[in-house]
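Shown next, in structure tokens, is the structure this report addresses.
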Amino acid sequence: MTEEKSLNFIEEIVESDLASGKYKNIVTRFPPEPNGYLHIGHAKSITLNFSLAKKYGGYTNLRFDDTNPVTEDIEYVDSIKDDIRWLGFEWKQELYASDYFDQLFQFALKLIKEGYAYVDDSTSEEIATMKGTPTQPGVNSPFRSRSVEENISLFTQMKDGKFKDGEKVLRAKIDMSHTNMLMRDPVIYRIKHAHHHRTGNQWCIYPMYDFAHGQSDSIENITHSICTLEFVPHRELYDWLIQKLEIFPSHQYEFARLNMTYTVMSKRKLLQLVNEKIVAGWDDPRMSTISGFRRRGYTPESIHLFCEKIGVARRENLIDIGLLEFCLREHLNKIALRKMVVLDPVKLIITNYPEGQSETLTSEDLHGENSPIRNIPFSRELWIEQEDFLEEPDKKWFRLAPGKMVRLKSAYIIQCDKVEKDNTGKVTEIHCSYIPNSKSGNDQSGLHVKGTIHWVSVQHAIDIEVRLYDRLFTIEDPANAEGDFKDYINPNSLKVKTAKAEPSLANSHIDDRYQFIRKGYFCLDSDAKPQSPVFNLSVSLKDTFAKKK
RNA sequence: UGGGUUAUGGUGUAACGGUAGCACUACAGAUUUUGAUUCUGUCUGUCUUGGUUCGAAUCCAGGUAACCCAACCA
């Protein structure tokens, strides 16, 4: 059965361009500004650009849009490259808009020579005022009619550092009464005496986005320049500049950016969370950054699946973060090694199991058949989960309770005989007896129990730190809520506890993925040290029982 | 009050004038040594008003709503 997958609108454009012979193959680019870490929204864009080129036999460039030296930094270019590689994509060329500064300067000169650009001495406030408003046309700058010679001379002096920041700008000469505000003589070069992370102090004028992005696309022969919806109004300017410059006609296409519930997606907001130490850093496992998800235990596969499922369209969206979690579980369920870990321990004593005795049982590492198996020590005293015992359960309870039976996963069936409590009424010990002929894999007891619980042998258990994460925000759309988004931080987004784990967890590696049975998926955190393992909750298991309560 | 963009179940996304489909979620059931997984089933949708047409989610006109645009940010 061939299931025909429908194309998204960009694939349709590409297919039609290919079919019409407009292009023989396509070239895309991913153009981050190195002023922050990449987030899951970028993953959507990365996946779109790289997958598209791969699917249609083209390639993708990685181009850093580094035209604003005051906000950009080498730290960010390194992290961006790491993240893209981790996602599994390979760029054809690693490029920088700053590679084109000379070329861009020549482009500007060409515009000036043809009367399409001029140097303006107005202040930014004056320029803003003269620009008008969306409902009122702007007025021409008094400097708009300078001669070509004067403009060339002034622009060259700008480049040569003859002026201070803000003293002059170069503007495209288009139409001050255009309905599109971006066409009202946009600034295309400004003076910034700033150190650039690549060109150093070579330049003191820097092109604006609109005079760098499209031109870079063109220089690289990008066929499909894909960006998000807020750039729709820029497209007219993008096309205008390419036409006046008479360079390769790249085309811009826009799609709706990713928004996700219970998180924020803007670099500015993420930076605030980092700077104000609300999170531990850009790669804090609660962050929506790619590095955050990676540290949290997400896999590239899970993110690919997510990007495939959310689709690509042109309408605003707010994706349920539950879908991302679903995609993670979907992958982890197949690969995560099963382990037994008790998060909130209470002691269970098997009174008819000899003191001092222990035995080695085996358990499956994975769910399906043909799973590898591992050894687990069993003994008289065990840790079990507090929530797996209830003194006065209702009829739907099938875990442990006085007089009730459960199976200890991969071990024996036990029956609860008695409980010990402290003077506050808290259960301190649960006394049970086990059914010797009910051993897992060789059960001759004929008993049928509904519940199975996990456990760890007290004398063999190791202590591990577990970090349990919850969503960072308490409301679905903090970015668009009333007031400051930080008012909606979830105070319980991180809980740390010491858990009792089966000994095999002592030698874990950073890329290993685990399922702590009946609890969730976990991975070793980068804070872990050989003698003090730390595990992150990647995502909990679906829990229909807890939900019903 | 100008210009641009978009409206399909709770959330996403298809259907390109001819049966509104898929996924997630929710709910119900089966299986289960993870209340997980797996399997089966159920609920819920074309913004609105007109028009064209044998036939409209799709085409046309008018409304309505949401988002974007007045950085020397990208």
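Only this structure's heavy atoms are used, side chains among them; waters, hydrogens and symmetry mates stay out. All of these numbers come straight from a predicted model, not from anything done at the bench. Each chain gets a letter, A, B and so on, in the order the sequences are listed, and its residues count up from 1.
- Under the 3.5 Å distance criterion, with hydrogens and angles disregarded, a donor-acceptor pair is assigned to the side chains of A:Gln515 and A:Tyr521.
- Distances shorter than 4.0 Å separate some side-chain N or O of A:Thr67 from OP1 or OP2 on B:A74.
- Across all strands, A:Ser410 comes closer than 4.0 Å to base atoms (heavy-atom distances).
- OP1 or OP2 of B:C73 sits under 4.0 Å from a side-chain N or O of A:Lys192.
- For B:A74, the base is not stacked against the aromatic ring of A:Tyr209, per a cut-off of 5.5 Å between centres and 30° between planes.
- The residue A:Ile319 sits close only to the backbone: its heavy atoms come under 4.0 Å of sugar-phosphate atoms, none of a base.
- At the heavy-atom level, A:Phe231 lies under 4.0 Å from base atoms of the strands shown.
- Between the side chains of A:Asn437 and A:Tyr412, no donor-acceptor pair of N or O atoms lies under 3.5 Å.
- The nearest whole Å value for the distance from the CG atom in A:Asn333 to the P atom in B:U34 is 12 Å.
- Remark: P of B:C24 and NE2 of A:His331 are 17 Å apart, rounded to the nearest angstrom.
- With A:Arg407 contributing its side chain and A:Ile414 its backbone, the two residues share no donor-acceptor pair below 3.5 Å.
- Rounded to whole angstrom, the span from the CG atom of A:Asp175 across to the C1' atom of B:G3 amounts to 13 Å.
- Summarising the geometry, the separation between CG on A:Asn259 and P on B:U6 is reported as 17 Å, rounded to the nearest angstrom.
- Side-chain rings of A:Tyr434 and A:Tyr353 approach one another, their centers coming within less than 6.0 Å.
- Nucleic acid contact class of A:Ser122 (heavy atoms, under 4.0 Å, all strands): base.
- Atom P of nucleotide B:G9 and atom CG of A:Asp320 are separated by 15 Å, given to the nearest angstrom.
- Distance check on atom C1': B:U49 versus B:A7 gives 16 Å, rounded to whole Å.
- Residue A:His197 contributes atom NE2, which lies 12 Å from atom P of B:A74 at whole-angstrom precision.
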